[in-house]
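Because only heavy atoms are used, hydrogens play no part in the values below, and waters and symmetry mates are left out as well, while side chains stay in. Per chain, numbering begins at 1; letters A, B, ... match sequence-line order. Because the structure is a prediction, the values reported are computed rather than measured.
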2 protein chains.
Amino acid sequence: MQPDKVPALAALPRPASLVEQVVAALRAEVAAGRFARTARLPAEQALSTTLGVSRTVLREALAQLKADGVLVSRKGSGVYVSATPAGNAFRLPAVGGEPERLREVFELRYYAETGAAELAAARRGPADLRRLQAALRAMRARGAAAADAAFHRAIAVATQNPHFVALVDLLSGQLHQVIAASWENAARVAGGPRDAIREHAALYRAIRSGDPAAAREAAAAHLTGAARRWGLALGGAPARPRRGSGR
Amino acid sequence: MQPDKVPALAALPRPASLVEQVVAALRAEVAAGRFARTARLPAEQALSTTLGVSRTVLREALAQLKADGVLVSRKGSGVYVSATPAGNAFRLPAVGGEPERLREVFELRYYAETGAAELAAARRGPADLRRLQAALRAMRARGAAAADAAFHRAIAVATQNPHFVALVDLLSGQLHQVIAASWENAARVAGGPRDAIREHAALYRAIRSGDPAAAREAAAAHLTGAARRWGLALGGAPARPRRGSGR
DNA sequence: GCTGTATGGTAGCCTGGCAACCTGGCAGTC
DNA sequence: GACTGCCAGGTTGCCAGGCTACCATACAGC
């Protein structure tokens, strides 16, 4: 049997809702520089009629763009293009079964996690080490994906930079199903979860010792190992720091 | 006179709009695990009455949470908690004048850009090199912040990973004012823009030569240099890979 | 046991409207 | 002439109500 073969019939693509279309249109308009920075947009009434949608739909779209930092609105005055039209949000497409998407997201995770490990080694406090050790223990006892996520989250927290926490949370959340499947299938792979736990332990030791370079390399080794275990080719070019056989 | 001294009176904090409050409340509710994963939420009518807001306000909030991947809705059926409740969006707070926020964002940029440089060196094609060279030329001729942004964007494009492009765009957009000010004030700093251009050129050569490790180090050197030039202490711990002078 | 159908419920979308607020200009004052 | 206070028009924030397309479930029919 082919256990982890996703059925070929994926969820049918639905027609985009009106709100989504309006969001995309306005975003494109702003990105194309159609409105100058900090320029005022037409009033909601006018915009809704020119776009041919009701004001409520337009307002839902505007709310999203305001939340993304693309637009700002001042009550009684109008809606303006933000001073930072690129926005303040970074979105990932839903990573479904497509291996290409998966590889791209994993690649990002590789650099986020290696960077976090490097920083964490330099800044970790005793509480961070306790958290890491607890996650490691849980992993050894039950070997669950939850402990894996907790471990990596603890590294992000140890960086003392909240953005790393948010980024790692986002990426591990997106890869959650994959990670869970990985732990379940780990038993079948030669080496099984033993490799994963060994890699985590090495990463923990490197962070504890306070050696940023060692932590980076341990994280890199772990992530390339994880990619290999669930059959992800970090293809095209080495995402590994060196062409050597690893240390 | 004190040209770049921001007036002490910043923009007054406005009371959060109803929509923002509803978004925050629902997000917290989901994050707290109040609703199980993939569970159905109460109907919009019911939710709006329990929250004490109109349905239009609730819908604007739901639209944001759907865009963030926290919720999904099926017409005719209901609104459900997403399978990935952590969402698919990563948000940065508006980086104003606070140096602490600036340092955090810049730290993230450091790792995004060094990673992108490493990947770019392995995957760059001839078109990428042309773009990089053009940006470098523009930088030498006019030394503008725009050329700087174009250069770093070209590196992200060369990774052939669209997420790197999005992330670099986001971060450089957020740091835009700072970067622009940096170029304007560069003339006053000893070394001036000469250092910046030299660093960019070195990074370009490393990417052209196809050596990922060299590209990473060149990017690291450039970013630490940039941080130093505009008086940003990448404090607490070294953000540089090694204490040595490089390999 | 399976298939088709009726029914209640739900989200998507629209119309219309009111209050709070902002902006620009005007009259009045020093 | 410069400044202050005020007014009117325009704009966003928020609300109420309603209609349609769609979904899920139960039920009748085969």
(request) For DNA chain C, note the earliest and the latest nucleotide, 5' to 3', having some atom under 4.0 Å of a heavy atom belonging to chain B. (result) dG9(C) to dC22(C)
(request) Look at the rings of His200(A) and His152(A) and say which category their plane angle falls in: under 30° parallel, 30 to 60° tilted, over 60° perpendicular. (result) perpendicular
(message) Check whether Arg109(B) reaches the backbone of Leu223(B) with its side chain - one donor and one acceptor, N or O, closer than 3.5 Å.
(response) no
(message) I'd like to know if the side chain of Gln174(A) and the backbone of Gly87(B) have a donor-acceptor N/O pair within less than 3.5 Å.
(response) yes
(message) Measure CG/Leu47(A) against C1'/dG10(D) and give the value in whole Å, please.
(response) 15 Å
(request) Quantify the bending of the helix from dG1(C)-dC30(D) to dC30(C)-dG1(D) as the angle between its end axes, each fitted on five pairs, to 10°. (result) 10°
(message) Which heavy atom of Asp169(A) sits nearest to which heavy atom of Ala86(B), and what is that distance?
(response) O-CB, 4.3 Å
(request) Check whether more than 12 heavy atoms from other residues, nucleotides or ligands sit under 6.0 Å from atom CZ of Arg153(A), and answer yes or no. (result) no
(request) Could you pull out all residues at least two apart from Arg34(B) that satisfy side chain to side chain donor-acceptor pair (under 3.5 Å)? (result) Glu29(B)
(request) Compare every heavy atom of Thr50(B) with every heavy atom of Leu47(B), then report the nearest pair and how far apart it is. (result) O-OG1, 2.9 Å
(request) Give a yes or no on whether the backbone of Thr84(A) and the side-chain of Ser82(A) come within a donor-acceptor separation of less than 3.5 Å. (result) yes
(request) State, to 0.1 Å, how close Phe164(A) and Gly115(A) come at their nearest heavy-atom pair, and which atoms those are. (result) CE2-C, 4.3 Å
(message) OP1 or OP2 of dA24(D) versus the side-chain N and O atoms of Arg40(B): is any pair under 4.0 Å?
(response) no
(request) Using heavy atoms and a sub-4.0 Å distance, could you list which residues of residues 58-77 of chain A are near DNA chain D? By number, please. (result) Arg59(A), Lys66(A), Ser73(A), Arg74(A), Lys75(A), Gly76(A), Ser77(A)
(request) Could you tell me whether a side-chain N or O of Arg123(B) sits under 3.5 Å from a main-chain N or O of Thr159(B), the two making a donor and an acceptor? (result) yes
Give each protein N/O atom lying under 3.5 Å from an N/O atom of nucleotides 15-19 of chain D, with the pair distance.
unit_1, atom_1, unit_2, atom_2, d
dC15(D), OP2, Ser54(B), N, 3.1
dC15(D), OP2, Ser54(B), OG, 3.1
dG18(D), O6, Arg55(B), NH1, 3.0

(message) Run the salt bridge (Lys or Arg N to Asp or Glu O under 4.0 Å) test against Asp128(B) and tell me which residues pass, sequence neighbours left out.
(response) Arg131(B)
(message) Checking the side chain of Asp68(B) only, and the main-chain atoms of Val70(B) only, is there a donor and an acceptor separated by less than 3.5 Å?
(response) no
(request) Look at the side chain of Gln21(B) and the backbone N and O of Ala16(B), then say whether any donor-acceptor pair between them is shorter than 3.5 Å. (result) yes
